[in-house]
Asks: 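One structure, as structure tokens, below. Some questions next.
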Amino acid sequence: MANSDTEVVIVGGGAAGIAAGRRLAKAAINCLVVEARARLGGRAWTITDRSGFALDLGCGWLHSADRNPWAPIAESQGRTVDKSPPPWQKPALPIGFPLAEQGDFAQAQHAFYERLQTSTQKQPDGPASALFEPDCRWNNLITAVGTFISGAEFDQISARDFENYADNGVNWRVVEGYGATIAAYGEDLSVVLDCPVLQIDHSGRRLKIETAQGVITADQAIVTLPSAAFADKEFLFAPALPKKTEAARGLPLGLADKLFLSLADADQFEVDSRLFGRTDRAATATYHLRPFGRPQIEAYFAGSFAAELEAGGADAFFDFAVSELKGLFGSDFIRRVKPIHIHRWGADPFSRGAYSYALPGMADCRARLAAAVDDRLYFAGEACSRNDFSTAHGGWLTGVAAADQAISARQRKRV
Ligand SMILES: Cc1cc2nc3c(=O)[nH]c(=O)nc-3n(C[C@H](O)[C@H](O)[C@H](O)COP(=O)(O)OP(=O)(O)OC[C@H]3O[C@@H](n4cnc5c(N)ncnc54)[C@H](O)[C@@H]3O)c2cc1C
């Protein structure tokens, strides 16, 4: 790409950027998606393994699926939307976790969520962990599940923000991949790949977007970068936008990583069953057995524990999973599993994490991050969503909202 000119530049080609681009294209507005990676999709990324299975390394579940805009999009692309219930809505296999204990745990977790709900209506915001019942034997497992949801431990998380998340409990999957669905939705857009945006100069009459492949001039920009990608880049905007940087810092990206394992003699297990590695510590993985009926295990690691494993490289995840599975099934089981793939999202320079959470007291950073600047710089991405943050549909909703703001501003200026 040499230097170019467009009406709207979209910075980042993930769920939010693609949704924004489609909305602008429908309104016949010239737009260009500028994406740092060599592919579209961002944290939505499907790869195909050697057996031909589509593996979602990032988002896999269409949360709040019956109101999730990606579900009809996947269907319109001719994909198969699997509506079978997710493993976490069924009891775990009773291996190392008898059903009676599962019942106790579910009660303790439910009581914790109820206290969270009540406290956020009555008290100033604080860390969600303040609502733990001291000495409850399930606090570690509640913490582990919290990391799977938020990517961070409850002592790091705003109780109010956690409570603001809206989920209607309907969860579906796309057999051919959620990431593939999102990337394909951007295929008809004008996109420049391998093109990190270095600076957005908004000092003049028109915007100047400096990229690794040249300068783009534009009337408006929609910035969809993950919060972690600009929290420490004060130089991203010229002049600087310290309030944006501050808002992004209030919304760090938590960490979650999936390790895919092949599983021999998989028929022994029920399709879409699950297990926790351990129930007595927060540093444990959850294992989804036979996803879609495939002879595989999807191991999920999150929070500071995933960050520790990332520091040890890809092998550290496999070694850890093997040690936990050995604890559950005995040493012979190890011969049945082999690593297929892992992507370390924390080490990925264009995301540096998995999904956003708000630090205690920082729930309102989401609205501050989303606020437009001078009616020509707009912001989108999952972290900008008050109720659907951390998700791909949150990305879609904020992308469309930002595009609508840009369209309205153009209409107003023409009048
Ligand atoms: C392991 C894991 C599991 C998940 N599971 C689920 C799930 O089951 N369901 C769900 O809904 N969500 C899930 N998510 C979260 C979901 O993937 C994200 O919330 C969503 O994809 C974010 O979309 P986005 O457009 O806001 O951001 P992104 O997808 O991060 O898009 C931002 C884009 O900006 C690009 N970029 C970065 N820096 C620059 C730069 N300087 N210049 C230009 N471009 C740049 C990035 O490459 C990226 O493409 C999961 C995520 C992970 C990592």
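Only heavy atoms go into these numbers, but all of them, side chains included; no hydrogens, no water, no symmetry mates. Remember, it's 1-based here, ligands and their atoms both numbered in the order they're listed. Since the model is a prediction, treat every value here as computed from it, not as a measurement.
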Asks: Applying a heavy-atom distance cut-off of 4.0 Å, which protein residues contact ligand 1?
Replies: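 Residues G12, G13, G14, A15, A16, V34, E35, A36, R37, G41, G42, R43, A44, L57, G58, C59, G60, W61, H63, P196, V197, T224, L225, P226, A256, K258, Y300, W345, F350, A354, Y355, G381, E382, S390, T391, A392 each place a heavy atom under 4.0 Å from ligand 1, listed by chain and number.
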Asks: Excluding sequence neighbours, so at least two apart, what forms side-chain hydrogen bond (donor to acceptor under 3.5 Å, both in side chains) with R294?
Replies: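 With sequence neighbours excluded, R294 shows a side-chain hydrogen bond (donor to acceptor under 3.5 Å, both in side chains) to no residue whatsoever.
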Asks: In chain order, what residues pass the side chain to side chain contact (heavy atoms under 4.5 Å, CB included) check against Q77, with sequence neighbours excluded?
Replies: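 Side chain to side chain contact (heavy atoms under 4.5 Å, CB included) check on Q77 returns I73, R79, T181, A184, Y185.
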Asks: Does anything in residues 367-386 form a ring pair (Phe, Tyr, Trp, His ring centres under 6.0 Å)? List the pairs, not counting sequence neighbours.
Replies: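 The answer is F237-F379.
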Asks: Are the side chain of S51 and the backbone N or O of F53 linked by a donor-acceptor pair below 3.5 Å?
Replies: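 Not confirmed, S51 side chain does not pair with F53 backbone.
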Asks: Give a yes or no on whether R386 atom CZ has more than 12 heavy-atom contacts from other residues, nucleotides or ligands under 6.0 Å away.
Replies: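 Check fails, neighbour count at 12 or below.
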Asks: Other residues, nucleotides and ligands only: do more than 12 of their heavy atoms fall within 6.0 Å of NZ on K90?
Replies: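 More than 12 heavy atoms, drawn from other residues, nucleotides or ligands, come within 6.0 Å of this atom.
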